[in-house]
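Written out below as structure tokens is the structure these notes cover.
The structure displayed is predicted, hence computed values, not measured ones. Sequence lines set the chain letters: A, B, ... in the order given, protein chains first and strands last, and positions in each chain run from 1.
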Amino acid sequence: MSLPAKYNPQNHEDVIYQQWEDAGAFNPDTSTGTETFTVILPPPNATGTLHLGHAMYVVQDIMVRHARMSGKKTLWLPGTDHAAIATQNRVEKDLAKRTPPLTRYDLGREKFVQQVEEFVEQSRDTIRHQLRTMGFSLDWSRETFTLDAPRQAAVTEMFIRMYHDGLIYRGNRIVNWCPRCQSTLADDEVEYREEITKFYYFKYGPVVIGTARPETKFLDKTIVVHPDDPRYTTLHNTTLTVEWMNGPVQAQVIADATADKDFGSGAMTITPAHSKEDFALAQKYHLPIVQIIDEAGNFTEAAGTFAGQSASASRQTIVDMLASKGLVDHIDDHYTHNLSVCYRCGTAIQPLLSDQWFVHVDQPLPAQHQFAGKTLKQVACEVVNNGSIQIIPDRFTSTYFHWMDSLHNWCISRQLWYGHRIPAWYKDGAITVQVDSPGQGWKQDSDVLDTWFSSGMWTFSTLGWPRQTEDLTTFHPTQVLETGYDILFFWVARMILMTTYALGEIPFEKVYLHGLVRDKLGRKMSKSLGNGIDPLDMSAKYGTDALRMALIAGTTPGNDAKLYEEKIASYRNFITKIWNVGRYILANTNLVGTGLSLSDQWILSRLNRLVMNVNHDFETYQYSLAAERTYDFLWHELADWYVEIKKFEPNPGLLQQVLEVILKVLHPFVPFVTEVLWQEFKPGSMLITAAWPIADAAQIDPVVEQQFVAVQDSVIQLRNLRNQYNISYQTVLSVYSQQLPDSATKTMIEQLAKVSITDQLPIGQLTHLTNSRFDFGVELSVVIDVVAERQRLQKEIIALEKNLASFEAKLNNPDFLAHAPNDLIENTKKLRDEKLTVLAENKSNLSLLPAALQPPK
RNA sequence: GGACGGUUAGCUCAGUUGGUUAGAGCGCCUCGUUUACACCGAGGAGGUCGAAGGUUCGAAUCCUUCACCGUCCACCA
């Protein structure tokens, strides 16, 4: 059976994945390991398809495959997130495209939710397929969904517990309202967009006030000035009658440091129902709070004649009206400010007053709790602070603390139809929180929960909580959470909050944050830019293994990585290389000899060194380094040198041994091609039979490595000489050496450089090879081009002299001799002497050159 | 406004606790139809490590300041 010269991934990947799945190889229940290794997949949103960001899950697959091969009972648990806002928006968008366009209200809640569920079912199928295509070794038997029945039960239970512990409350607060989504948003779901707009200055009694949003100012009757602002000292705590939008109003003046003396006129009026800061002031001074704009973005009755009209559309009318009253002082046309917008749809946020559910992050936990007396916030800080949870890279730790410090109570109710219904029931002003309806006439809260509430429970709800399942005791806490740094706050922080509360333990030991995948120009990949790369396209074109390598190599934790097709193509070449090395070795196993030659000892030393280094890389989460190291070994040591040497040297059966180990080391990165090759010479699936290799330190021999480097150096020198003088490999070059190397080494150099080494002094003059550890000479008569040879020697001499100068400078420096470690000094001396010898030879060659040969005519 | 990250070869990036002559891949140039591989092989050119100071026998690496690019947080009516 002979393998084709090119590896075609499409012929193997699906088959191999199916084999793995059929064998139950991803299910930890089949493992006899005692130590567990658990990773819960960050659930992709059920909004359609996976993108390259999700392809970064490959980091988890590498961790998980490595752990599994190392004998650990390994669980990687898949699932999807219902992503309330995102999914609902997606379906609403589809509805709007229909003829005639539909809204969710046309369908009604029940039918609409049904539509969303159908869409989600379809998405989840696509996602399952994509995750398999990427080769991810997920335990599909434990697949979950944030909105399936067990998770529903868990979320409801959590809400009820937190409510009874006083950690969830209902309150009337300013919230971020998205008029398009018709829902509240958490603080961190609000994004800011810089915008140049008009800034209006109005005459308001004796002061001038500034605003970017005149339409909110109808009922303003409180002026705030800074206590130390000399311009307004006389006004403090007075009440004035001022002419305003709907006629004269009674306005009181408050002195409070919130007012910025240097901004605008230094005086402002406040709008308590539509600004967080103003709301806080209103509470502080017990001012009336009246809503002017409603959930739809229209004026309420409070706006008088404007009631029912769109607030944003009425801005100009209102300004005109004030102008006609002579109340416009001036207008600044180039005011830059940050407009707050919805992170989902980009619509401008309308802050407004509303009854909502909140998680209380500053409420001490009850007496019976593990962390009794501490607040959620404190616990979440503590577990990171004391090292129970480690964030990689470390610098995100301070970001985490900073965010935690400024965390306010978390608004968790969303006015959506799709999601976890809030288990609160109302009747005649009474409220009760429980799973089922208390009885006749009780109405359930119509809101659903923020999607991060359920994903915050992800490490334990997926394992069966609140039931004390075997999975929960076996696999929790998990070892690693691997995700993008962009959701450190959204998700990671909330998982820590909720898990420490629910279980009294951490959700994971390490948080490994990967960077974002960007295009070649460093831009975020997005549909609107059209610069996205579909992982499935790349997988089909270059193979999954190549895509995986491209995603890992050159990426370090927390730093963004660029991905482009050429990079994937170059790793496709690497996969072909693996294939061909494997193919060659498997076809040439019969040339058996005995005893270990220099090259055999060398490859064993290098191989064991590689395993040792890769182990260290895994321990320190440096997957990119591990991948590159292995790449380099396979291509530039095993293939370029060892395999080439074994074409003429007796083979003591090492080739296959080396292949076996290198396939294992490669497997977490490129599971498919390694599995295919494995099955060519081993019974059974690699995934089940291959154990992670152990480095044998006794095989690592620096002396052997050094000896081999000398051979490599000489061969490269000789090849270089050939290239320089255009001497074809058909011509066997005669090389003189006063002392012949041992016969195996002699053969190696002769074969690899296509030369013949002799100790018979030739008739003509010799040119010595720079740096050659074997002190080879080549007869000058074969060097045809005297001018070129002169140039070559001169160049070498200049380089050598430069080197020499730097060594001499060090060695002549008494401080260096006094402070530097001894071996460094010795090494420097040795190098200096070597350079000196070679330099002398080169100079002598140069001086002989014109005498030995006539210059060309 | 506050903080963080980046700046190393034409491009994309490595560079472990300061220590021999700063590396790789791609690209480029020269050569090669040597039966594992042209998705290949051999060789080569190319960098005063963003700038300026400082610490040190010794700095890409540590410290200070600055410049440019990027990101996050906060947000002023």
Side-chain angles (χ1 to χ4, degrees), chain A residues 3 5-7 188 192 199 209-213 216-217 220 224 258-260 262-265 267-271 275-278 337-338 340 393 395-396 398-399 402-403 406 485-486 488-489 515-516 520 522 542 546 553-556 558-564 566-567 569-588 616-617 620 622 624-625 628 631-632 636 639-640 643-644 647 715-716 719-724 726-730 753-754 799-800 802-803 806-807 810 813-821 823-824 827-828 830-832 835:
Chain A
L3 302 170
K6 282 201 170 81
Y7 170 70
D188 45 324
Y192 296 90
F199 193 75
I209 57 153
T211 183
R213 293 173 51 202
T216 64
K217 299 270 151 206
D220 284 12
V224 183
T258 312
D260 181 350
D262 304 318
F263 186 86
S265 63
M268 64 176 180
T269 62
I270 58 169
T271 313
S275 151
K276 237 169 254 183
E277 294 68 36
D278 293 5
H337 82 144
N338 283 321
S340 51
R395 66 184 143 90
F396 282 100
S398 57
T399 320
H402 182 253
W403 186 80
S406 57
Y485 64 76
D486 54 330
L488 178 64
F489 305 141
L516 307 181
K520 201 170 184 176
Y542 299 102
T555 62
T556 41
N559 293 326
D560 292 351
K562 290 172 187 159
L563 191 77
Y564 39 91
E566 299 94 299
K567 188 171 174 185
S570 82
Y571 284 104
R572 186 266 326 267
N573 299 352
F574 174 59
I575 304 301
T576 309
K577 194 73 190 182
I578 300 174
W579 179 253
N580 272 293
V581 169
R583 193 163 76 97
Y584 177 80
I585 290 177
L586 294 178
N588 291 278
H616 176 259
D617 295 337
T620 51
Q622 296 183 280
S624 171
L625 256 185
E628 282 160 32
Y631 173 103
D632 204 57
H636 300 303
D640 287 351
V643 168
E644 289 306 315
K647 285 178 181 172
V715 170
I716 289 168
R719 284 169 174 169
N720 188 2
L721 198 76
R722 258 181 204 288
N723 239 287
Q724 206 131 21
N726 222 343
I727 307 164
S728 151
Y729 279 83
Q730 313 286 4
K754 291 280 176 291
L800 282 165
K802 206 176 136 197
N803 285 174
S806 89
F807 293 134
K810 278 181 190 170
N813 184 345
D815 288 326
F816 176 74
L817 297 175
H819 293 94
D823 55 338
L824 180 66
N827 244 320
T828 312
K830 214 171 97 190
L831 277 165
R832 191 253 328 254
K835 300 288 163 189

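In the set rC40(B), rG25(B), rG5(B), the nucleotide with an atom closest to the side chain of K577(A) is rC40(B). With rC73(B), rA42(B), rG5(B) as the choices, the nucleotide that has an atom nearest any side-chain atom of N723(A) turns out to be rA42(B). Taking every side-chain heavy atom of N559(A) into account, rG5(B) is the closest of rG25(B), rG19(B), rG5(B). Of the listed nucleotides (rA36(B), rA77(B), rU21(B)), rA77(B) has the atom at the smallest distance from the side chain of K217(A). Here rC31(B) is the nucleotide among rC31(B), rG25(B), rC40(B) with the atom lying nearest to any side-chain atom of N726(A). Closest to the side chain of N813(A), from the set rA77(B), rG43(B), rC57(B), is rC57(B). Considering only side-chain atoms of F489(A), the nucleotide from rG19(B), rG43(B), rC73(B) that sits closest is rC73(B). The side chain of L831(A) approaches rU21(B) more closely than any other nucleotide in the set rG41(B), rU21(B), rG43(B). For Y192(A), counting side-chain heavy atoms from C-beta on, the closest listed nucleotide (rC75(B), rA77(B), rU20(B)) is rC75(B).
Residue F396(A) contributes atom CZ, which lies 12 Å from atom C1' of rA3(B) at whole-angstrom precision. Rounded to whole Å, the distance from NZ on K810(A) to P on rG19(B) is 11 Å. Protein atom CZ of F574(A) is 12 Å distant from nucleotide atom P of rG41(B), rounded to whole Å. For Y7(A) and rC39(B), the OH to P distance is 18 Å, given to the nearest whole Å. Taking atom CG of L488(A) as the reference point, atom P of rC72(B) lies 13 Å away to the nearest angstrom. Whole-Å rounding puts the E566(A) CD to rA24(B) P distance at 21 Å. Between H636(A) atom NE2 and rC40(B) atom P the separation is 10 Å, expressed in whole Å. In this structure, CD of E628(A) is placed 10 Å from P of rG25(B), rounded to the nearest angstrom.
For the OP1/OP2 pair of rC37(B) and a distance below 4.0 Å, the side-chain nitrogens and oxygens of T576(A) include no atom meeting the criterion. A sub-4.0 Å separation between OP1 or OP2 of rG19(B) and a side-chain N or O of H819(A) is absent. The shortest distance between the side-chain N/O atoms of N588(A) and the OP1/OP2 oxygens of rA36(B) is not below 4.0 Å. Residue N720(A) places none of its side-chain N or O atoms closer than 4.0 Å to OP1 or OP2 of rA42(B). Distances shown here put every side-chain N or O of Y485(A) at or beyond 4.0 Å from the OP1 or OP2 atom of rC72(B). In this structure, T556(A) reaches the rA14(B) phosphate: one of its side-chain N or O atoms is under 4.0 Å from OP1 or OP2. OP1 or OP2 of rC13(B) has at least one side-chain nitrogen or oxygen of K562(A) nearer than 4.0 Å.
Judged by distance alone, with hydrogens and angles left aside, the side-chain atoms of T556(A) form no donor-acceptor pair with the main-chain N or O of N559(A) at under 3.5 Å.
Within 4.0 Å of T399(A), counting heavy atoms only, lies no atom of the nucleic acid at all. The residue G554(A) sits close only to the backbone: its heavy atoms come under 4.0 Å of sugar-phosphate atoms, none of a base. Using a 4.0 Å heavy-atom distance criterion, D640(A) is classed as a sugar-phosphate-only contact. Among the protein residues, A639(A) comes within range of the nucleic acid bases, having at least one heavy atom under 4.0 Å from a base atom. The residue K6(A) sits close to a base: some heavy atom pair falls under 4.0 Å. The residue S806(A) sits close only to the backbone: its heavy atoms come under 4.0 Å of sugar-phosphate atoms, none of a base. Within the nucleic acid shown, L817(A) has no heavy atom closer than 4.0 Å to any nucleic acid atom. When heavy atoms are screened at a 4.0 angstrom cut-off, S340(A) is found touching no nucleic acid atom at all. Residue Y571(A) is classed as having no contact, given no heavy-atom separation below 4.0 Å to the nucleic acid. Among the heavy atoms of the strands, none lies under 4.0 Å from K276(A).
Residue side chain K647(A) reaches the base of rA36(B) through a donor-acceptor N/O pair under 3.5 Å, judged by distance alone. Residue-to-nucleotide contacts include a donor-acceptor pair under 3.5 Å from the side chain of K835(A) to the base of rU21(B). Scanning atom types as modelled, one donor and one acceptor separated by under 3.5 angstrom connect the side chain of E644(A) and the base of rA36(B). Between the side chain of R572(A) and the base of rC39(B), a donor-acceptor pair under 3.5 Å is found.
Between F574(A) and Y631(A), the ring planes are tilted. Angles from 30° to 60° get that label.
For the C1' atoms, the distance linking rC69(B) with rC29(B) amounts to 33 Å, nearest Å. Going from the P atom of rA59(B) to that of rC49(B) covers 12 Å, rounded to whole Å. rU48(B) and rG23(B) are spaced 15 Å apart, taking the P atom of each and rounding to whole Å.
Closest heavy-atom contact between Y584(A) and K647(A): OH-CG, 3.2 Å. Of all heavy-atom pairs between K835(A) and F807(A), the closest is CG-CE1, 4.1 Å. Between R583(A) and L3(A) the shortest heavy-atom distance is NH1-O, 3.1 Å. The two atoms that bring A561(A) and T555(A) nearest to each other are CB-CG2, 3.1 Å, heavy atoms only. The minimum heavy-atom distance linking T271(A) with K217(A) is given by the pair OG1-NZ, 3.3 Å. In plain terms, the two heavy atoms of Y571(A) and A553(A) that are nearest each other are OH-CB, 3.0 Å.
For the pair L625(A) and D278(A), nearest-nucleotide mapping onto RNA chain B gives the more 5' position to L625(A). Along RNA chain B, the nucleotide nearest to N827(A) and the one nearest to N580(A) differ in position, and the one closer to the 5' end is contacted by N827(A).
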Apply the test side chain to side chain contact (heavy atoms under 4.5 Å, CB included) to residues T399(A) and Y485(A): give CA-CA distance (whole Å), side-chain angles for both, the deciding distance (0.1 Å), then the verdict. CA-CA 10 Å; T399(A) 320; Y485(A) 64 76; over 6 Å; no
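Under the 3.5 Å distance criterion, with hydrogens and angles disregarded, no donor-acceptor pair is assigned to the side chains of H819(A) and D815(A).
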Starting at the 5' end of RNA chain B, write a dot or bracket for each base, bracketing those in Watson-Crick or G-U wobble pairs whose two distances are under 3.5 Å and using | for partners on another strand. (((((((..((((.....[...)))).(((((.......))))).....(((((..]....))))))))))))....
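In this structure, I575(A) CD1 and N580(A) CG are separated by 12.0 Å, a value rounded to the nearest 0.5 Å.
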